[in-house]
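Worksheet: one structure, shown below.
Along the sequence shown, residues are numbered consecutively beginning with 1.
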Amino acid sequence: MPPRRIEDAEGRGALAAVQQGATDRPTLATAVRWTLQRLAEDVPGNSVEVRVPPFAAVQAVPGPRHTRGTPPNVVETDAATWLALATGELRWDEAVAQSRVSASGSRADLTDFLPVRLAG
């Protein structure tokens with residue numbers, strides 16, 4: 001069963017709440033899942049797996065499709081860092097330099113895809 005699609009209004013509301021200081025798990029989870037959903041919609045593909053544990057992971061970025069085992073291109077970060085990247089509050093190179101994101105593989109640089117296009 002595919003994951004439930006988060007409507008833009010719900011996602012924007014959750015993201016705004018987090019940006020205003022909300023820390024409850026359901027709101028944070030919705031904000032993370034929605035921004036990852038937007039990334040996957042805007043940059044469709046299966047060559048990079050973007051993980052924000054414990055909330056969600058998506059596959060995005062055009063290129064060779066990965067089907068089994070550990071993907072060759074993986075980006076992993078925490079929720080606060082992901083939301084800062086997704087909204088443009090943090091640049092990719094800064095996050096990598098500060099070890100706030102783990103990126104492995106030749107396609108795991110998300111510079112060209114951030115910030116995420118949040119307007120629907």
* To do: To the nearest 0.5 Å, tell me how far S106 OG sits from N73 CG.
  => 5.0 Å
* To do: Taking the side chain as every heavy atom from C-beta outward, state whether V18 and T23 have any atom pair closer than 4.5 Å.
  => no
* Are T87 and L15 side-chain neighbours, meaning at least one heavy-atom pair lies under 4.5 Å? -> yes
* In chain order, what residues pass the side chain to side chain donor-acceptor pair (under 3.5 Å) check against T81, with sequence neighbours excluded? -> D78, R100
* Structure fact -> With sequence neighbours left out, the residues meeting salt bridge (Lys or Arg N to Asp or Glu O under 4.0 Å) with E7 are none
* Starting at CG of L83, measure out to OG1 of T35 and round the result to the nearest 0.5 Å. => 5.0 Å
* Expected output: side-chain Q20 to main-chain A17 donor-acceptor under 3.5 Å -> no
* Spacing of W82 atom CH2 and L39 atom CG [to the nearest 0.5 Å] -> 4.5 Å
* Structure fact -> Rounded to the nearest 0.5 angstrom, the CG-CG distance for L90 and L85 is 4.5 Å
* Asked: Looking at residues at least two apart in the chain, or sitting in another chain, which of them share a side chain to side chain donor-acceptor pair (under 3.5 Å) with T27?
  -> D24
* **Spatial distance of atom OG1 (T30) from atom CZ (R12) [nearest 0.5 Å]** => 14.5 Å
* Residue pairs, two or more places apart or on separate chains, that pass salt bridge (charged side-chain N to carboxylate O under 4.0 Å, His left out) and touch residues 105-114 -> none
* Residues two or more places apart in sequence or in another chain: which of them pass salt bridge (Lys or Arg N to Asp or Glu O under 4.0 Å) with E41? -> R5, R38
* Is the closest side-chain heavy-atom distance between V50 and L36 below 4.5 Å? -> yes
* Asked: Taking C-beta and beyond as the side chain, do W92 and V75 meet within less than 4.5 Å on heavy atoms?
  -> yes
* **Under the side chain to side chain contact (heavy atoms under 4.5 Å, CB included) test, residues paired with P53 that sit two or more places apart** => R51, E76
* Can you name the nearest heavy-atom pair linking S47 to P62, along with the distance? -> OG-O, 3.2 Å
* To the nearest 0.5 angstrom, please state how far the CZ atom of R33 sits from the CD1 atom of I6. => 7.0 Å
